[in-house]
Number of protein chains: 2
Amino acid sequence: MNKINRKLEYALIGLKHMRAKAPGELTSVKELASAYGVPFDAASRVMQVLAQKGVLISEQGAHGGYMIGRDLARLSYAELSEILLGKVAIARCIGDSADEGACEMRGSCNIVTPVQMLNRKINEFYRGLSVAELLGVPSSKKKREPEMPQQNFEAEAEA
Amino acid sequence: MNKINRKLEYALIGLKHMRAKAPGELTSVKELASAYGVPFDAASRVMQVLAQKGVLISEQGAHGGYMIGRDLARLSYAELSEILLGKVAIARCIGDSADEGACEMRGSCNIVTPVQMLNRKINEFYRGLSVAELLGVPSSKKKREPEMPQQNFEAEAEA
DNA sequence: GTTAAATACGATCTTTTTTGTCGTATTTGA
DNA sequence: TCAAATACGACAAAAAAGATCGTATTTAAC
């Protein structure tokens, strides 16, 4: 669950759109659909999930809509991804505890450790990347370019 | 194409297995299938592709098989992934030139830049990570004592 | 109060992607 | 000549992703 899929796209599109608005101003899904061509139902579902998790705040009824409910500088890309797609797992053998035994080759697999390490590195990177940063800080603030955790696969193995 | 899928798994499993062998010693797909439970046909095709690209060297005929054909320290994970899955693309709008216009939302999309930035970072990371490193360098830490018995199939499994 | 516009959400259908299998040809050592 | 291996195109099955439908609920405006 690593690739940016439609859910994640719709989330980012919506968040970027809403971030440009005045505080308290709402955005309807219809607005997103007509502005970006995203499918109404699918995008709607994504916003609902984000609202459940507090990333967005929803107002029901006529003139309802969504607005940003959390400081995006304190929302990591990892967290956003987890909300929509579940834990960041670069392969089957990683997954949530539910899928833990998903791979039938466990036990005879000789690459469990490498895969786990790679997954950990990706995770660290995603966790250190805020959604605000990803979307591009609109103000004049200096943007910190987060780097992938560099090399040292062996060195950090026991960290 | 970012996630480790079966193709990449079979490739890594095979490479790790072959790396433990003496120079010139061949590994048949049948051997991989019985040792790790990987499906013969699927794994076979992966090895064929790797052989076409010079990562492996194939010997046909009876007693044939594959052996490593390139220094894995100079083969990046990015390159391996590209051979099997095409260019590393974290979203549709990135892809190979063929898929370039794959996303119908281009033109109205407000997150092209963020997605490209993220893709670039991932790419850099994958490009700086060698397959040797990923599989765990069997050097300093795990230096093998002078020539243990060679048929160490089971010994390789590290799960 | 009725209506219109919006979110809420379960269920299902469709499409796409991934994965595995089959059939056949070719190579090569014994 | 046979057996064991790679080579490879074509197809089938399975899984995942994505979109849509139906209905309920909320709320502002009239």
Side-chain angles (χ1 to χ4, degrees), chain A residues 1-11 13-14 18 25-34 36-53 55-67 69 81 84-86 89 91-92 95-96 98-99 102-105, chain B residues 1-11 13-14 18 25-34 37-53 55-67 69 81 84-86 89 91-92 95-96 99 102-105:
Chain A
M1 317 293 180
N2 197 1
K3 199 171 166 183
I4 296 185
N5 63 6
R6 295 293 183 190
K7 285 183 183 176
L8 223 27
E9 279 179 20
Y10 302 156
I13 287 174
M18 292 176 204
E25 196 176 352
L26 295 173
T27 297
S28 71
V29 177
K30 185 181 174 187
E31 187 180 326
L32 294 175
S34 68
Y36 306 106
V38 301
F40 182 91
D41 280 349
S44 184
R45 179 67 63 81
V46 168
M47 301 307 147
Q48 282 164 30
V49 172
L50 292 182
Q52 282 173 356
K53 296 292 183 173
V55 174
L56 296 180
I57 293 172
S58 80
E59 297 280 339
Q60 292 191 335
H63 302 108
Y66 299 92
M67 60 189 227
S81 176
L84 296 172
L85 309 176
R92 287 162 209 68
D96 307 38
D99 311 323
C103 184
E104 342 64 55
M105 298 192 296
Chain B
M1 313 307 172
N2 197 0
K3 199 172 168 182
I4 296 184
N5 62 6
R6 294 294 184 191
K7 285 183 183 175
L8 263 178
E9 278 180 20
Y10 302 157
I13 287 173
M18 293 175 203
E25 195 175 353
L26 296 173
T27 297
S28 71
V29 176
K30 184 180 175 188
E31 187 179 326
L32 294 176
S34 69
V38 302
F40 181 91
D41 281 348
S44 185
R45 254 208 323 236
V46 167
M47 302 307 147
Q48 284 164 30
V49 172
L50 292 182
Q52 282 172 356
K53 297 291 184 176
V55 174
L56 295 180
I57 292 172
S58 80
E59 298 278 340
Q60 291 190 336
H63 302 109
Y66 298 91
M67 61 188 223
S81 177
L84 296 172
L85 309 176
R92 287 161 209 70
D96 307 37
D99 310 324
C103 184
E104 343 65 52
M105 298 192 296

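Residue numbers start from 1 in every chain, and the chains themselves are labelled A, B, ... in the order their sequence lines are given, proteins ahead of strands. Predicted, not measured: the structure shown is a model, and the values here were computed from it.
For the atom pair A/Thr27 OG1 and A/Met47 CE, the distance stands at 9.0 Å (nearest 0.5 Å). Between atom CD of residue A/Gln60 and atom OH of residue A/Tyr66 there is a gap of 8.0 Å, rounded to the nearest 0.5 Å. Atom OG of A/Ser58 sits about 11.0 Å away from atom CG of A/Leu50, to the nearest 0.5 Å. Of the inter-residue distances, the one linking B/Arg6 atom CZ with B/Glu9 atom CD reads 5.0 Å to the nearest 0.5 angstrom.
Distance A/Tyr66 OH to C/dA5 C1': 13 Å, rounded to the nearest Å. Taking atom CD of B/Glu31 as the reference point, atom C1' of D/dT6 lies 15 Å away to the nearest angstrom. Taking atom CG on B/Leu8 and atom P on C/dT19, their separation rounds to 10 Å, with Å as the unit. The CZ-P distance, from A/Phe40 to C/dC9, rounds to 14 Å in whole Å. Whole-Å rounding puts the B/Ile57 CD1 to D/dA7 P distance at 12 Å. Rounded to whole Å, the distance from CD1 on A/Ile4 to C1' on D/dA17 is 16 Å. Between A/Leu84 atom CG and D/dG18 atom P the separation is 11 Å, expressed in whole Å. Taking atom NZ of B/Lys3 as the reference point, atom P of D/dA17 lies 6 Å away to the nearest angstrom.
Contact of the A/Leu26 side chain with the A/His63 side chain is not registered, since no non-hydrogen atoms from C-beta on lie closer than 4.5 Å. No side-chain heavy atom of A/Lys3 sits less than 4.5 Å from a side-chain heavy atom of B/Arg92. Proximity of B/Leu56 to B/Met18: side-chain heavy atoms (C-beta onward) are separated by under 4.5 Å at one or more points.
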Its contact letters, B for base, S for sugar-phosphate only and - for none at protein heavy atoms under 4.0 Å, make nucleotides 24-30 of chain D read --BBSS-
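In this structure, B/Tyr10 reaches the C/dG20 phosphate: one of its side-chain N or O atoms is under 4.0 Å from OP1 or OP2. Distances shorter than 4.0 Å separate some side-chain N or O of A/Lys30 from OP1 or OP2 on C/dA6. Contact annotation: A/Ser58 reaches the phosphate of C/dA8 (side-chain N/O to OP1 or OP2, under 4.0 Å). Between A/Gln52 and the phosphate of C/dA8, there is no side-chain N or O to OP1/OP2 separation shorter than 4.0 Å. An OP1 or OP2 oxygen of D/dG18 is reached within less than 4.0 angstrom by a side-chain nitrogen or oxygen of B/Arg92.
Within 4.0 Å of A/Asn5, counting heavy atoms only, lie sugar-phosphate atoms of the nucleic acid but no base atom.
A donor-acceptor contact under 3.5 angstrom links the side-chain atoms of A/Arg45 to the base of C/dG10.
Of the candidate nucleotides D/dT6, C/dT19, D/dG18, D/dG18 has the atom lying nearest to any side-chain atom of A/Arg6. Picking from C/dA8, C/dC22, D/dT6 the nucleotide with the shortest atom distance to the side chain of B/Asp41 gives C/dC22.
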